[in-house]
Undergrad: 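Structure provided below as structure tokens; questions to follow.
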There are 2 protein chains.
Amino acid sequence: MKRHQTTIIDIARALNISKSTVSRALTGHPNVNAQTRKAVLELAEKMEYERNMLAISLVKNKSFTIGIIVPEFMTTFFPQVVIGAQEVAAKKGYNVIISQSNESYETEVANAKVMLTNRVDGVLVSLTKETRNFDHLKIFQRKGIPIVFFNRVCEEMEVPKVVTNDYDGAFNIVEHLIQRGKKRIAHLAGPDSLLISRKRLNGYLDALRKNNIPVIEELIIPYDLTLEKVKIYVKYLLELPDPPDALFAINDPTAMEAIQIIKAKGLRIPEDIAVAGFSNDFASALIEPGLTTVSQPMREIGKTAMQLLLEMMDKEVSEWKAITRTLKAELIIRGSS
Amino acid sequence: MKRHQTTIIDIARALNISKSTVSRALTGHPNVNAQTRKAVLELAEKMEYERNMLAISLVKNKSFTIGIIVPEFMTTFFPQVVIGAQEVAAKKGYNVIISQSNESYETEVANAKVMLTNRVDGVLVSLTKETRNFDHLKIFQRKGIPIVFFNRVCEEMEVPKVVTNDYDGAFNIVEHLIQRGKKRIAHLAGPDSLLISRKRLNGYLDALRKNNIPVIEELIIPYDLTLEKVKIYVKYLLELPDPPDALFAINDPTAMEAIQIIKAKGLRIPEDIAVAGFSNDFASALIEPGLTTVSQPMREIGKTAMQLLLEMMDKEVSEWKAITRTLKAELIIRGSS
DNA sequence: CTGTTAGCGCATTCAC
DNA sequence: GTGAATGCGCTAACAG
């Protein structure tokens, strides 16, 4: 059970010098005799000494760790964002501890607690679809731990946020469908709890209005992002007396699921019904027909969020600004429209 | 810069009792007066006290953290494995710190160092395609830190490993292609450095031999898993005087890339050339035609690996056994064959 | 350039 | 049941 661990004391004793000198040599402090330094470094190497970050963190009151809370890891989106974030963090010598809330509010709360007890120096979070209470996240603010939201942001907290231009993305893709001659455009929307759902819905609505296309309530279906349910909604839409000639889905997985169902029904895409998604998932280029979608700069989102976080950590709490960085969403037209 | 932090001392002072009593109350020690305990717990809640794991870890010489090193996060495979591992770890109160080596040996070494300095209680690792030297991982063994490999395992280290039955999977899928009447089956193989590459290659070879199909060297191409290069190899194969009538790719992304290229060439799948992959990526069911592949129990791999690791941590180093758990690979037949 | 001292927040002896 | 003392491994003043 007891683990071997070389400490500074060990090499201090072996070299018959003081611990502080060893410490200084190890941390690259200037005031150390070149020979002493060399001896220390060599012995440290030989003894496989590794600095104990736990101890360093304790005395420095800084863990060099950033927490990231994401709702899921199933789609390409969040893993990609995390990669971006990790890259930036690593460059600055920060570790990242990731936890996925699994779209559960309670798990999110638990994860936040873990981050707290682990004394992360900052957190990046993207909310659960269930989250409506934010006490567990406000604690970070209160404790002076910087927090940055990305993608699924919290409206009632005044902190930095990184989002894609959901409204524009939705607006453009719907207008594109209209230009393709589509008039009855359905929208499989996300849960109302998420701001991104509402933004995309608004983009959809405004595109219709601007082009004098009537908004038909029965063609707008908010759903909880549970892929299994897509079948129900798509069937409902297709069996309508006056079915839609296009479908704009809240995200790519939903759209791809819809494509499968539509194809199984024997309908042609895009002739009978066009389909559009959101995010430009890896698979959306592979599916047949290719999915028209809006690309989100996933890596970039992660990078930007982490950069904002790191910047906050260098500043006084009083200087923190609740800026929202909106990254561009780009229309990608493929065979499904 | 200085962060507010409620400590045991704070609540000890507020309640005018000793730190040890507070500590005992907080940790659920039996020898505490019920009222005192209640008072402590309430105040702790009110003051938003959170245990400082850094300090606890230091004194307990245990970080309650598991490190996971994966080569990449682009395909569905590793994120899924990580989810499984995380689930099991969380249930036992362990955190997980993830780092991706990005298929770079040097990054892997650096990541291992980070794990070491962060005093992880154990590590799960899946190797880089470049890794041929294992000193950075052997250190864990030497320091008595349990290590478990999964998927891309290290042959020369005697530690627990979790793998899929790559040989059987490859054998079965190739035999399936043969049953479909295919006789010139190409194999876009993985780098020779990876055991999985060799196992799958062997499965391929044995399936051919068992069915008296000649092994044609020019149809076997090992490559470095860089997707951009797939185009070169597939074109080469298709332009052969006697081109293959089937292609078995080392993994699904490669196979899907090949499908795109083959379709662009105007060839029919599977009539002109059948395609098969490995892993059952999310997208393989979506692509047209659906990709015939071998499913790996990704979540299960993560869970199993983490379980093995957790078990080791409860045992003396002398009791550690280098068992290899081989999970079943299941043939999934779709339209591409 | 080097050694000494103090203390980070906590669990854990050992006394009472 | 409670308190006082010790130390986990390390950095950061403070002296020389």
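Scope of the values below: all heavy atoms of this structure, side chains included, with no hydrogens, waters or symmetry mates. Reminder, nothing fancy here: chain letters follow the sequence lines and each chain counts from 1.
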Undergrad: Identify, with sequence neighbours excluded, every residue that meets side chain to side chain donor-acceptor pair (under 3.5 Å) alongside T107(A).
TA: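 Only S104(A) meet the side chain to side chain donor-acceptor pair (under 3.5 Å) criterion with T107(A).
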Undergrad: Applying salt bridge (charged side-chain N to carboxylate O under 4.0 Å, His left out), which residue pairs with at least one partner in residues 126-140 of chain B are found, sequence neighbours left out?
TA: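 Counting only pairs at least two positions apart or across chains, the salt bridge (charged side-chain N to carboxylate O under 4.0 Å, His left out) contacts touching residues 126-140 of chain B are K138(B)-E156(B).
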Undergrad: Applying salt bridge (Lys or Arg N to Asp or Glu O under 4.0 Å), name anything that partners E319(B), two or more places apart in sequence or on another chain.
TA: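 By the salt bridge (Lys or Arg N to Asp or Glu O under 4.0 Å) rule, E319(B) matches no residue at all.
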Undergrad: Identify whether any heavy atom of I56(B) sits under 4.0 Å from a base atom; if not, whether one sits that close to sugar-phosphate; answer base, sugar-phosphate or nothing.
TA: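 Sugar-phosphate: the residue I56(B), judged by heavy atoms under 4.0 Å, touches backbone atoms but no base.
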Undergrad: Under the salt bridge (Lys or Arg N to Asp or Glu O under 4.0 Å) rule, collect the residues that match up with K321(B), sequence neighbours excluded.
TA: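 Salt bridge (Lys or Arg N to Asp or Glu O under 4.0 Å) list for K321(B), sorted by chain: empty.
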Undergrad: Using the side chain to side chain donor-acceptor pair (under 3.5 Å) criterion, which residues pair with N52(A)? Sequence neighbours excluded.
TA: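 With sequence neighbours excluded, N52(A) shows a side chain to side chain donor-acceptor pair (under 3.5 Å) to Q5(A), given in chain and number order.
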Undergrad: Would you kindly say whether T21(B) and S18(B) are connected by a side-chain donor-acceptor distance under 3.5 Å?
TA: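 Note: T21(B) and S18(B) side chains meet the donor-acceptor criterion.
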Undergrad: Please report the distance, rounded to the nearest Å, between CD in E50(B) and C1' in dG9(C).
TA: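 Rounding to the nearest Å, CD of E50(B) and C1' of dG9(C) are 14 Å apart.
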Undergrad: Listing request: all salt bridge (charged side-chain N to carboxylate O under 4.0 Å, His left out) pairs with a residue in residues 84-103 of chain B, at least two apart in sequence or in separate chains.
TA: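 For residues 84-103 of chain B, and leaving out neighbouring residues, the salt bridge (charged side-chain N to carboxylate O under 4.0 Å, His left out) pairs sorted by first residue read E87(B)-R299(B), E87(B)-K303(B), E103(B)-R152(B).
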Undergrad: Under the side chain to side chain donor-acceptor pair (under 3.5 Å) test, which residues partner Y94(B), sequence neighbours left out?
TA: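 K62(B).
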Undergrad: Checking side-chain contact (heavy atoms from CB on, under 4.5 Å) against I147(B), which of V125(B), L124(B), I139(B), I69(B) comes through?
TA: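 Exactly one pass, corresponding to V125(B).
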Undergrad: Could you list, one pair per line, each protein nitrogen or oxygen that sits under 3.5 Å from a nitrogen or oxygen of nucleotides 2-5 of chain C, together with the distance?
TA:
residue: dT2(C); atom: OP1; partner: T36(A); partner atom: OG1; Å: 3.2
residue: dT2(C); atom: OP2; partner: N33(A); partner atom: N; Å: 2.8
residue: dG3(C); atom: OP2; partner: S18(A); partner atom: N; Å: 3.1
residue: dG3(C); atom: OP2; partner: S18(A); partner atom: OG; Å: 2.9
residue: dG3(C); atom: OP2; partner: T21(A); partner atom: OG1; Å: 2.7
residue: dG3(C); atom: N7; partner: R24(A); partner atom: NH2; Å: 2.7
residue: dG3(C); atom: O6; partner: R24(A); partner atom: NH1; Å: 3.2
residue: dG3(C); atom: O6; partner: R24(A); partner atom: NH2; Å: 3.4
residue: dT4(C); atom: O4; partner: S20(A); partner atom: OG; Å: 3.2

Undergrad: Taking heavy atoms of chain A and a 4.0 Å limit, find me the 5'-most and 3'-most nucleotide of DNA chain D within that range.
TA: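 Range of nucleotides touched by chain A: dG9(D) to dA13(D).
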Undergrad: Enter the inter-axis angle for the ends of the helix from dC1(C)-dG16(D) to dC16(C)-dG1(D) (five pairs per end, rounded to 10°).
TA: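 The end-segment axes of the helix from dC1(C)-dG16(D) to dC16(C)-dG1(D) are tilted 40° relative to each other.
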Undergrad: Rounded to the Å, how far apart are N61(B) CG and dT12(C) C1'?
TA: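 Value for this atom pair: 14 Å.
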Undergrad: In whole angstrom, what separates L116(A)'s CG from dG9(C)'s C1'?
TA: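 Whole-Å distance recorded here is 15 Å.
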Undergrad: For a quick check of understanding: with a heavy-atom distance under 4.0 Å over all strands, which category does S57(B) fall into, base, sugar-phosphate or nothing?
TA: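 Since no nucleic acid heavy atom lies under 4.0 Å of S57(B), the category is nothing.
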Undergrad: Please report, rounded to the nearest Å, how far the P atom of dC10(C) is from the CG atom of L54(A).
TA: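 So the two atoms are 14 Å apart, to the nearest Å.
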Undergrad: Using the side chain to side chain donor-acceptor pair (under 3.5 Å) criterion, which residues pair with E48(B)? Sequence neighbours excluded.
TA: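 Result, side chain to side chain donor-acceptor pair (under 3.5 Å) vs E48(B): R142(A).
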Undergrad: Quick one: which residue pairs count as a salt bridge (charged side-chain N to carboxylate O under 4.0 Å, His left out) with a foot in residues 17-44 of chain B, not counting sequence neighbours?
TA: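 Sorted pair list: K38(B)-E42(B).
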